[in-house]
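Okay, structure first, notes after.
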Amino acid sequence: MNELFNGFSQILLDQTSDGIVLTDQNGLILQANRAFANFHACNAADLIGKPMWSVLPSEQQEKARAQFFEIFSSWESGASFETIIPSKGESSILLETTLYFSEPVGERTKMLALVRDITEKRNKQRRQILQSEMDALRTQFEQLLKAQKQVEKELRDSQAELRKSQQLFESIAKNFPSGAINVLDRAYRIVFADGEEYRKQNFDPSTLIGQSIDALFPNKDLALAKARYDKVFQGETQHFEFENFGMFYENLAVPLPDENGNIHQILTVTLNITERIEREKQIKRFEEQLKLVIKNAPIVLWAVDKEGRFTLSEGKGLEKLGFAPGDAVGFSAFELYSFNKTFIEMLHKALAGESVEFE
C-alpha cells in the first residue's frame with residue numbers, strides 16, 4: 001500500500017509545474033521532482049544525494065551553502081525568498097522558493113522547498129507598473145498639453161490686447177493736438193515720436209527714430225533738456241519751456257519704469273504754446289500802454305479788495321491829493337477816507353456789488 005501511495009505521490013510530483021525538493025539537515029537532496037530538475041537543466045535522479053547548492057553556478061555555491069544552514073536553523077515554516085538562475089539564451093528565470101519544516105527549530109532533520117517560476121508573474125507586474133507609469137505620464141502630458149494650449153490662448157489674448165493698447169497709444173500720439181509725444185532711452189535716443197505738431201511742420205516723425213534728441217532741441221536748450229531728463233531717469237517729473245525756430249513749446253517729461261521699477265525709458269509730452277505766449281505778450285503790451293495812459297491822464301484809478309484795502313492806485317490826479325502812484329496800495333480806504341462819510345457809504349455799496357457814482 002505504501003509503495004502504491006509513494007508511486008502516486010511521485011506521479012503527482014512530476015506532473016506539477018512547481019519544483020519540489022526535499023533535503024536533510026546537511027543540505028543533501030533526498031528527493032526532487034522533474035520540474036525542479038528542469039529549472040536547473042538536469043535529471044532528477046542525478047540530484048539525489050547531492051548538496052542542494054550544487055545545482056547553482058560554481059561561483060554562487062559557497063554563498064548558497066552558508067545561506068542554507070542559516071535558513072535551516074532559524075527561518076520559520078512558510079518563509080520565502082527569490083533567486084535568479086540562468087536560462088537558455090540571454091534570459092534568466094526568477095524563482096520564488098517557499099520553505100516548509102515539520103519539526104521546530106533545533107530538532108529539524110528535513111526541509112521541503114516549493115520552487116515556483118514567477119518570471120512571467122513578475123514581468124506582468126512590471127508591465128502593469130510600466131503601464132501605470134505610462135498612463136500617468138500620458139495623463140501628465142495631456143494635462144501639460146492642455147495647460148500649454150491655455151497659456152498659448154492667454155498669450156494670444158494678451159498679445160491682442162497689447163496690440164490694441166499699442167494701436168490706441170499710437171492713435172493718441174498721432175492725433176495729439178498742437179503737440180508731440182516722444183519716448184527716449186538712456187542714451188537720449190528717440191525710440192518713438194508722433195503728434196500733430198510734426199505734421200503741421202511738414203515733418204515725418206518716423207525719421208527721428210534712432211536719432212539723438214539733438215534733432216529736437218536747438219543748441220542753446222540742449223544742455224538744459226539733458227539735465228532735466230537726467231532727473232527724470234532718476235524718477236522725477238520735469239517741466240520746462242523752450243523756443244525752437246520762433247515757436248514756443250512746453251515740455252513735460254515723466255519716467256517709464258519697467259516691472260522691476262528700473263527706468264530705461266522716459267515719456268515726453270510737448271505742447272506748442274506759441275499762441276499763448278503771443279497772447280501773454282499782447283496783454284503785457286496792453287497793460288504797459290494802459291499804465292502809461294493812466295499815469296499821464298488827469299484822473300485817479302484805484303481798486304480795493306473785499307476788506308477795503310487798496311490794491312491799485314494810479315493816475316496823474318493823485319498829485320492833487322498829495323499821493324504818488326502806488327502810495328496807497330496796502331492801506332485801508334476806510335481809514336484814509338474816514339472823514340468823508342459819503343465816500344465811505346458809497347464804498348460799502350460798491351463792495352456789496354452795486355454800481356455807484358458820486359462827486
Side-chain angles (χ1 to χ4, degrees), residues 1-140:
M1 184 68 178
N2 288 335
E3 292 179 1
L4 179 62
F5 179 80
N6 291 335
F8 278 114
S9 298
Q10 188 62 46
I11 292 173
L12 290 174
L13 289 176
D14 287 339
Q15 292 302 314
T16 181
S17 60
D18 294 333
I20 298 175
V21 60
L22 180 67
T23 65
D24 64 10
Q25 69 269 29
N26 296 316
L28 299 179
I29 298 175
L30 302 177
Q31 189 173 0
N33 72 343
R34 186 180 301 162
F36 179 81
N38 289 339
F39 287 150
H40 300 284
C42 59
N43 190 295
D46 296 338
L47 296 175
I48 306 303
K50 292 183 178 180
M52 186 177 180
W53 49 85
S54 65
V55 297
L56 299 175
S58 57
E59 66 271 12
Q60 299 181 21
Q61 292 183 11
E62 185 59 35
K63 181 178 179 181
R65 176 180 177 280
Q67 190 176 31
F68 172 85
F69 287 109
E70 178 186 349
I71 292 173
F72 194 91
S73 61
S74 61
W75 283 32
E76 295 295 329
S77 184
S80 62
F81 62 92
E82 295 178 0
T83 56
I84 298 176
I85 62 173
S87 180
K88 294 179 180 180
E90 298 180 357
S91 61
S92 59
I93 300 175
L94 179 63
L95 299 178
E96 179 186 60
T97 302
T98 304
L99 309 176
Y100 297 96
F101 302 96
S102 59
E103 302 98 348
V105 175
E107 300 178 8
R108 295 172 176 170
T109 58
K110 295 181 178 66
M111 179 180 74
L112 180 68
L114 177 64
V115 183
R116 178 167 295 170
D117 183 353
I118 60 171
T119 305
E120 182 58 30
K121 176 183 176 181
R122 186 56 51 85
N123 288 340
K124 183 178 180 180
Q125 290 175 342
R126 289 172 179 170
R127 286 195 296 270
Q128 290 175 341
I129 294 173
L130 181 60
Q131 185 62 47
S132 297
E133 292 175 348
M134 290 295 293
D135 291 342
L137 287 173
R138 185 181 297 107
T139 300
Q140 292 178 0

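- Using a 4.5 Å cut-off on side-chain heavy atoms (C-beta onward), T109 and E103 make contact.
- The minimum heavy-atom distance linking A44 with A37 is given by the pair N-CB, 3.5 Å.
- Taking Q128 as the reference, nothing meets the side chain to side chain donor-acceptor pair (under 3.5 Å) condition, with sequence neighbours excluded.
- The two atoms that bring D117 and L95 nearest to each other are CA-CD2, 3.9 Å, heavy atoms only.
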Taking only distance into account, with no hydrogens and no angle test, what donor-acceptor pairs under 3.5 Å do side-chain atoms of residues 49-68 form with protein atoms, sequence neighbours excluded?
residue : atom : partner : partner atom : Å
K50     : NZ   : D46     : O            : 3.4
S54     : OG   : P51     : O            : 2.6
Q61     : NE2  : L56     : O            : 3.0

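- To the nearest 0.5 angstrom, I48 atom CD1 is 9.5 Å from N43 atom CG.
- Between F101 and W75, the gap from one ring centroid to the other reaches at least 6.0 Å.
- Every residue two or more places apart in sequence or in another chain that forms a side-chain contact (heavy atoms from CB on, under 4.5 Å) with I84 is listed here: S92, L94.
- Taking every heavy atom of both residues into account, F69 and Q25 meet most closely at CE2-O, 3.5 Å.
- With sequence neighbours excluded, the residues forming a salt bridge (charged side-chain N to carboxylate O under 4.0 Å, His left out) with E82 are R122, listed by chain and number.
- Distance CG/N33 to CG/N38: 8.5 Å, rounded to 0.5 Å.
- Remark: D24 pairs with N26, L28, L30 by the side-chain contact (heavy atoms from CB on, under 4.5 Å) rule, at least two apart or across chains.
- Remark: Y100 engages no residue in a ring-ring contact (aromatic ring centres under 6.0 Å, His included) (not counting sequence neighbours).
- The minimum heavy-atom distance linking S73 with V105 is given by the pair O-CG1, 3.1 Å.
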Residue pair Q31, V21: steps toward the side-chain contact (heavy atoms from CB on, under 4.5 Å) verdict: CA-CA 6 Å; Q31 189 173 0; V21 60; over 6 Å; no
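- Closest approach of C42 and L47 over heavy atoms only: SG-CD2, 3.5 Å.
- Annotation: side chain to side chain donor-acceptor pair (under 3.5 Å) contacts of S74 (sequence neighbours excluded): none.
- E120 pairs by the salt bridge (charged side-chain N to carboxylate O under 4.0 Å, His left out) definition with R127, not counting sequence neighbours.
- The side chain to side chain donor-acceptor pair (under 3.5 Å) test applied to D18 returns R116, not counting sequence neighbours.
- Within the structure, every pair that satisfies the ring pair (Phe, Tyr, Trp, His ring centres under 6.0 Å) test and touches residues 19-38, not counting sequence neighbours, is listed here: F36-H40.
- With rounding to the nearest 0.5 Å, the separation of CD1 in I85 from CD1 in I93 is 4.5 Å.
- Side chains of L99 and L112 form no contact here, defined as non-hydrogen atoms less than 4.5 Å apart.
- Residues satisfying the side chain to side chain donor-acceptor pair (under 3.5 Å) criterion with Q131, sequence neighbours excluded, are D135.
- Listed by chain and residue number, nothing satisfies the salt bridge (charged side-chain N to carboxylate O under 4.0 Å, His left out) test with R108 (two or more places apart in sequence, or in another chain).
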